[in-house]
Amino acid sequence: MNLLNSHDLLRFFDPVAGTIAGVAPTQRHLGDLHGCFADTATYERMLAAGNPLVYGVSAVEPARADGDLHYALAFILPGRVGAEYFMTKGHVHSWREAAEVYLGLSGEGAMLLEDETTRESRMLPLRPNHAVYVPGKIAHRTMNTGSVPLTYLGIYPAQAGHDYTSVANRNFRCVVIERHGQPAMVERTLL
Ligand code: 6PG
Ligand code: NI
């Protein structure tokens with residue numbers, strides 16, 4: 001990368017919309033989230049009634065050499081499938097050692113972290129002024145727990161990559177649901 005490609009050095013983003021000028025977001029609709037929600041009956045019913053947009057991710061990936069960084073600005077729309085909040089597919093990084101920092105920008109959300117080996121799970125809040133550190137080897141998924149779009153920035157090593165398959169195969173052990181108006185983490189099998 002050289003210093004003359006100025007748009008690789010400076011980008012302008014909208015923290016409320018969760019978009020970056022000049023970057024087309026990758027869009028994920030409800031139909032892209034097969035297997036994510038524990039309440040499959042409600043999922044199929046909602047899907048039959050339409051295929052709403054759930055979230056979008058705008059990634060800036062200027063270079064891929066050792067030491068480079070990538071970042072992505074994402075928005076998740078408010079909504080639920082039954083008691084489960086609209087969420088991302090979730091992944092673990094293909095390069096397992098790759099950690100990531102999330103910065104909450106607008107709205108209210110939560111992150112579900114799961115240790116690949118022990119399946120130990122944690123739910124953490126993600127909202128403005130919150131920085132969440134996702135260590136390596138940890139599967140991560142984000143959900144909008146509020147009533148307006150949740151937006152956040154994620155910064156990760158350029159070599160991280162996304163492994164969706166191993167997460168899809170075993171699924172997250174826990175789900176995040178609304179209970180008494182609050183987000184709560186519960187075992188998937190207990191829902
Ligand atoms: C990443 C980040 C983040 C993530 C989005 C969408 O590694 O790039 O964790 O930008 O991609 O939150 O989530 P999914 O990648 O799981 O769809
Ligand atoms: Ni990630």
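Just so it is clear, the structure is predicted and the values come from calculations on it, not from any experiment.
Note that CD of Gln159 is 5.5 Å distant from CG of Asp66, once rounded to the nearest 0.5 Å. Within the model, atoms CD of Glu114 and CZ of Arg119 stand 4.0 Å from one another, a figure rounded to the nearest 0.5 Å. Rounding to the nearest 0.5 angstrom, the gap separating the CZ atom in Arg122 from the CG atom in Leu112 is 11.0 Å. With rounding to the nearest 0.5 angstrom, the CG atom of Leu103 is 10.0 Å from the CG atom of Asn129. Rounding to the nearest 0.5 Å gives a distance of 10.0 Å between CE of Met46 and CG of Asp39. In this structure, Lys137 NZ and Thr117 OG1 are separated by 7.0 Å, a value rounded to the nearest 0.5 Å.
Listed by chain and number, the residues in a side chain to side chain contact (heavy atoms under 4.5 Å, CB included) with Ile20 are Arg11, Phe13, Val23, Ser58, Val60, Tyr71, Leu73 (sequence neighbours excluded). Every residue two or more places apart in sequence or in another chain was checked for a side chain to side chain donor-acceptor pair (under 3.5 Å) with Arg45, and none qualifies. Every residue two or more places apart in sequence or in another chain that forms a side chain to side chain donor-acceptor pair (under 3.5 Å) with Glu187 is listed here: Arg173.
Residues Val81 and Leu77 do not share a hydrophobic cluster, defined by chaining ILVMFWY side chains whose heavy atoms lie under 4.5 Å apart. Both Val57 and Leu33 are assigned to one and the same hydrophobic cluster, defined by single-linkage of ILVMFWY side chains at heavy-atom distances under 4.5 Å. Clustering ILVMFWY residues whenever any of their side-chain heavy atoms sit less than 4.5 angstrom apart, transitively, puts Leu153 in a cluster other than the one holding Phe75. Linking ILVMFWY residues whenever their side-chain heavy atoms come closer than 4.5 Å, directly or via other members, places Leu124 and Leu126 in the same cluster. Hydrophobic clustering keeps Tyr133 apart from Leu113 (ILVMFWY residues linked when any side-chain heavy atoms are closer than 4.5 Å, directly or through intermediates).
Looking at heavy atoms from C-beta onward, Glu44 lies in side-chain contact with His34 at the 4.5 angstrom threshold. By the 4.5 Å heavy-atom criterion applied to side chains, Ile138 and Val92 are not counted as neighbours. In this structure the side chain of Met111 reaches within 4.5 angstrom of the side chain of Val134, judged on heavy atoms.
Between His162 and Tyr164, the angle of the ring planes stays under 30°, which puts this pair in the parallel group of the 30/60° scheme. Ring-plane geometry between His140 and His93 is classed as perpendicular, the angle between the planes exceeding 60 degrees on a 0 to 90 degree scale with a lower cut at 30. Ring geometry for His70 versus Tyr156: interplanar angle over 60°, hence perpendicular rather than tilted (30 to 60°).
Each salt bridge (charged side-chain N to carboxylate O under 4.0 Å, His left out) pair with one or both residues in residues 94-106, not counting sequence neighbours, appears once here: Arg96-Glu116, Arg96-Asp163. Residue pairs meeting the salt bridge (charged side-chain N to carboxylate O under 4.0 Å, His left out) criterion with at least one partner in residues 12-23, sequence neighbours excluded, do not occur; the list is empty.
Of all non-hydrogen atoms in Ala99 and Pro157, the two that sit nearest each other are O-CD, 3.1 Å. Arg170 and Ala139 make their closest contact through NH2-CB, 4.0 Å (heavy atoms, listed as atom of the first residue, atom of the second, distance). For the pair Pro78 and Pro149, the tightest heavy-atom approach, listed with the atom from each and the gap, is CD-N, 3.8 Å. For Thr88 against Tyr152, the heavy-atom pair with the smallest separation is CG2-OH, 3.6 Å. Between Leu53 and Arg28, the shortest heavy-atom contact is CD1-O, 3.6 Å. Heavy-atom minimum distance, Ser106 versus Pro15: CB-O, 3.3 Å.
With no hydrogens or angles considered, no side-chain donor-acceptor pair links Asn144 and Glu108 at under 3.5 Å.
When each of Lys89, His29, Met143, Gln27 is checked for a side-chain contact (heavy atoms from CB on, under 4.5 Å) with Tyr55, only Lys89 meets the rule.
If you chain together ILVMFWY residues whose side-chain heavy atoms come under 4.5 Å of each other, Ile177 ends up grouped with Val175, Val186, Leu191.
Judged by distance alone, with hydrogens and angles left aside, the side-chain atoms of Tyr85 form no donor-acceptor pair with the main-chain N or O of Thr142 at under 3.5 Å. Not one N or O on the side chain of Asp68 forms a donor-acceptor pair closer than 3.5 Å with the backbone of Pro62. A donor-acceptor pair under 3.5 Å links the side-chain atoms of Asn51 to the main chain of Leu30, judged by distance alone.
Around atom CZ of Arg188, more than 12 heavy atoms belonging to other residues, nucleotides or ligands sit under 6.0 Å away.
Under the 6.0 Å cut-off for aromatic ring centres, Tyr102 and His130 do not qualify, their centroids lying 6.0 Å or more apart.
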